[in-house]
Amino acid sequence: MCLAIPALVVELLPADMARIDLDGMRKEVSLSLVDDVAVGDYVIVHVGYALQKLDPEEAAQTLALFAELARQP
Amino acid sequence: MRYVDEFRDPVLAQNLSASIALEAGAGFGYRFMEFCGGHTHALSRYGVLGMLPSNVQMIHGPGCPVCVLPIGRIDFAIRLALEHDVILCSYGDCLRVPASDGLSLLKARAQGADVRMVYSALDACKIAADNPQSQVVFFAIGFETTTPPTASIIKQAHAAGLKNFSVLCNHVLTLPAMEAILNQPGGVPLDGFVGPAHVSTVIGSAPYQLVAQRYRKPVVIAGFEPLDMLQAILMLLRQVNTGRAEVENEFTRAVTPQGNRKAQALVNEVFEVRDAFEWRGLGSLPWSGLKLRAEFAQYDAEARYPEMHFVSVPDHKACECGAILRGEKRPQECKIFGTVCTPDNPIGACMVSSEGACAAHYTYGRYRDVMQEGS
Ligand code: SF4
């Protein structure tokens, strides 16, 4: 039931829906549980609903932390 | 793929694995529970378990929605479909779970029940709108991730004035299950939890303070990628080694302290907490499940079919799902694992869902066992 990978919003549709791209697969999902989603955002999708928007800055910080750890033997 | 490939980098994974080995040292063992079935699946699938030193043990938790649903609740859905001629809509994972009398939702369909698989909660609402002559029941299951979508369609059905739609609500709560694991008499001693990814996007990281403060267990919320899980395990080890019990968040790209307020408000509007709900493996737990509020009773299948009652049914005698969901046993300790019970012929729920511990171990973990035994 868990779609573990984040989905890219490619088109906003009427009635709070959006078309997403999930590794090449297109699906329609509801945006009614999230605010301010735009085309180009990544969202976490669960049973046809976006639950949360991904924060690119936070993602970059987490990756930076991995890189830092990798430098410390 | 963005947000995926960079979180699977094999070199960084090796480095994290080395840091974990260093932090774990040669000392006594560490036992961490990954609460969520999505993590159980990912730990096996990406070989994360093989990257951990032998003194760091991961214990599978009860966070697999299909696995914790007791047989009696599936029987309830089957009886609605067979005896009341409703169109029963269910997520795909539930269809093959063994129920009483050798039935499952899928086998009930073969006997003439109108059981339909839905991908999204929205589809159930649409089926009701398209079939005004039939009663349509949505078999709603899951933790805090699937609850907001169910709340949303109930509101939608209400707005559209749908008279033929109701929900058989089996939604459950994460924290009471964590507490049940920690309160289990003679239960597994745990050093901390890998906190759920998607559940936490909804409820936020703050509620886990209860586990950290009252039970003195560290919680680190992690994403689903291998680097996320390795990093979370490293953070847990560091907490244990420095005597801390805090809530830390590795999945900050999607989880905030307060979570998704909009989704929480919707859930509160439609649902209230039940006095008690029965779980597979954990028994009846107080304040652990949700039901529809009285204002929405017309969409509550339990209120609409008052002659129907939940009947508690024990699991198959040989099935160890209960002990596995409590973290007391591992799938390979079940006598019929991989012989009688396989994904093609599941005897228990933990072999059905891809998030189930038995299914994950059958699909990805068995070869490692064989290799370890051989070495
Ligand atoms: S292997 Fe099958 S029978 Fe054994 S515990 Fe797992 S699901 Fe139950």
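Below, read A as the first sequence line, B as the second, and so on, with proteins coming before strands; counting in each chain starts at 1.
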Heavy-atom proximity to chain A below 4.5 Å, by part of B/Arg261: neither

Option that, when pairs with chain A are counted at under 4.5 Å, heavy atom only, ranks first among B/Thr201, B/Thr252, B/Leu266, B/Val4: B/Thr252

Ring geometry between B/Phe251 and B/His198 (parallel below 30°, tilted from 30 to 60°, perpendicular above 60°): parallel

Per-residue contact mode, B/Glu250 against chain A (heavy atom under 4.5 angstrom): both

Part of B/Leu234 lying under 4.5 Å from any heavy atom of chain A: side chain

B/Arg253 NZ/CZ over B/Phe7 ring centroid, <6.0 Å and within 45° of normal: yes

Under 3.5 Å: donor-acceptor pair, side chain of B/Gln264, backbone of B/Val202: yes

Partner chain A: residue of B/Ala265, B/Ala263, B/Gly259, B/Pro149 with the largest heavy-atom pair count (under 4.5 Å): B/Pro149

Trace of the side chain to side chain contact (heavy atoms under 4.5 Å, CB included) decision for B/Glu355 with B/Thr40: CA-CA 7 Å; B/Glu355 292 167 48; B/Thr40 300; over 6 Å; no

Ring centres under 6.0 angstrom apart (B/Phe143, B/His171): no

Exam field: side chain B/Arg96 to backbone B/Pro343, donor-acceptor pair closer than 3.5 Å: yes

B/Ala254 versus chain A, the contacting section by heavy-atom distance below 4.5 Å: both

Contacting moiety of A/Thr62, where chain B heavy atoms sit under 4.5 Å: side chain

Region of B/Asp228 in contact with chain A, defined by heavy-atom distances below 4.5 Å: both

Partner chain B: residue of A/Ser32, A/Ser30, A/Gly24 with the largest heavy-atom pair count (under 4.5 Å): A/Ser32

Heavy-atom donor-acceptor pair, B/Thr146 side chain to B/Ile141 backbone, under 3.5 Å: yes

Side-chain donor/acceptor of B/Ser17 to backbone N/O of B/Ala13, under 3.5 Å: no

For chain B, the option from A/Leu33, A/Leu8, A/Asp35 that forms the most heavy-atom pairs under 4.5 Å: A/Leu33

Region of A/Val34 in contact with chain B, defined by heavy-atom distances below 4.5 Å: both

